[in-house]
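The model shown is predicted, which means the values in this text are computed figures rather than measured ones. Just so you know, these numbers use all the heavy atoms, side chains as well, and skip hydrogens, waters and symmetry mates.
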Amino acid sequence: MNTNSYPYFGSASGSRAMKLERVKIAFQFLLMTVCSLIIGFLISGALSDGFYEKSVLGVSSHFETLFINCSEPYDYISCIALYSVYDIICIAVVFFVSFAAFNYVATDFVLIYNGTRFGLAVSFLSAFIDSQRYSYGIGIIRYIVFIFFKTAILILLFGYSYRAAILSGELRRMGANGRIVINPKTLLYFLLYTFANIGSVLLLNGLYCWLIYILK
């Protein structure tokens, strides 16, 4: 698929071509996400009981130590920013690759990473809902909170990736001299859209951290 090939822009055939291209993008990204979710569940199912037992400390640390050393507003903001760093990096990667010809492939890898991480975490933590099997239980409420906010982040990253793929075709136009020309209006919109998504990630993760903190 080529994000810069929208022939006869403005014509009926060009409009159909753009709609078809968008459907292809959505299908490709959705396929990558669903497949990676399944991979995450399969990886979790292949883990041994010994691995789960060794992970008790890590799981309990995540659910019990959020905001534990925070006293000033800066401490809370830093904790949320640190917790959000991988999601922000994913957005940044998608942003920068949108200016490259291989943006679809790179975005696929970002979606695969996030889908696998989500599927693995959801399946993995289901073993810690109660403490009957292992020595620590997170409880059903905190597990639901985890799934809700991680799903919201996954949907946000999927939506951002799709929108970035659409905008990449408008960002880079071929000039009369054969050189790539960046559309400044589209670039400004893309920057604002990117910052809005980063802000949404911070807000969602902030709410998640706060809920986990008060539910412990």
From the list V97, L157, V94, side chain to side chain contact (heavy atoms under 4.5 Å, CB included) partner of V110 resolves to V94
Step through it carefully: locate the ring centre of Y143, locate the ring centre of F128, and say whether they are under 6.0 Å apart. no
Quiz prompt | Side chains of Y134 and D49 in contact at under 4.5 Å (non-hydrogen atoms) | solution = yes
- Indicate the ring-plane relationship of Y208 and Y83, choosing parallel, tilted or perpendicular according to the 30° and 60° boundaries. parallel
query: Do L31 and C35 have side chains that get closer than 4.5 Å, going by heavy atoms?
result: yes
Distance col, row S161:OG vs L111:CG, nearest 0.5 angstrom, shows 4.5 Å
Distance col, row Y213:OH vs C79:SG, nearest 0.5 angstrom, shows 10.5 Å
Is it the case that the side chains of S44 and S123 hold a donor-acceptor pair, with the cut-off being a distance below 3.5 Å and no angle test? yes
Check: R142 side chain, I138 main-chain N or O, donor-acceptor pair, under 3.5 Å: yes
For V105, the side chain to side chain contact (heavy atoms under 4.5 Å, CB included) test, sequence neighbours excluded, returns F109
Output for pair (R163 CZ, L167 CG), nearest 0.5 Å, gives 4.5 Å
Contacts of D108 meeting side chain to side chain contact (heavy atoms under 4.5 Å, CB included) (sequence neighbours excluded), chain-then-number -> Q28, F29, M32
Worksheet item: Is there a donor-acceptor contact under 3.5 Å from the side chain of S55 to the main chain of F51?
Response: yes
Between the OG1 atom in T151 and the CG atom in L204, the distance rounded to the nearest 0.5 Å is 11.0 Å
I'd like to know if the side chain of N197 and the backbone of T194 have a donor-acceptor N/O pair within less than 3.5 Å. no
Is there a side-chain contact between F99 and L187 (heavy atoms, below 4.5 Å)?
-> yes
Student check: side-chain heavy atoms of V23 and K19 closer than 4.5 Å:
no
So CD1 of I80 and CG of D75: to nearest 0.5 Å the spacing works out to 11.0 Å
Output for pair (N205 CG, L82 CG), nearest 0.5 Å, gives 11.0 Å
Result for ring pair (Phe, Tyr, Trp, His ring centres under 6.0 Å) between F95 and one of F195, Y193, F190 points to F190
Between D87 and K150, does at least one N-O distance fall below 4.0 Å, as a salt bridge requires?
-> no
message = Walk me through whether N103 and S168 qualify under side-chain hydrogen bond (donor to acceptor under 3.5 Å, both in side chains).
response = CA-CA 8 Å; N103 60 320; S168 66; 3.1 Å; yes
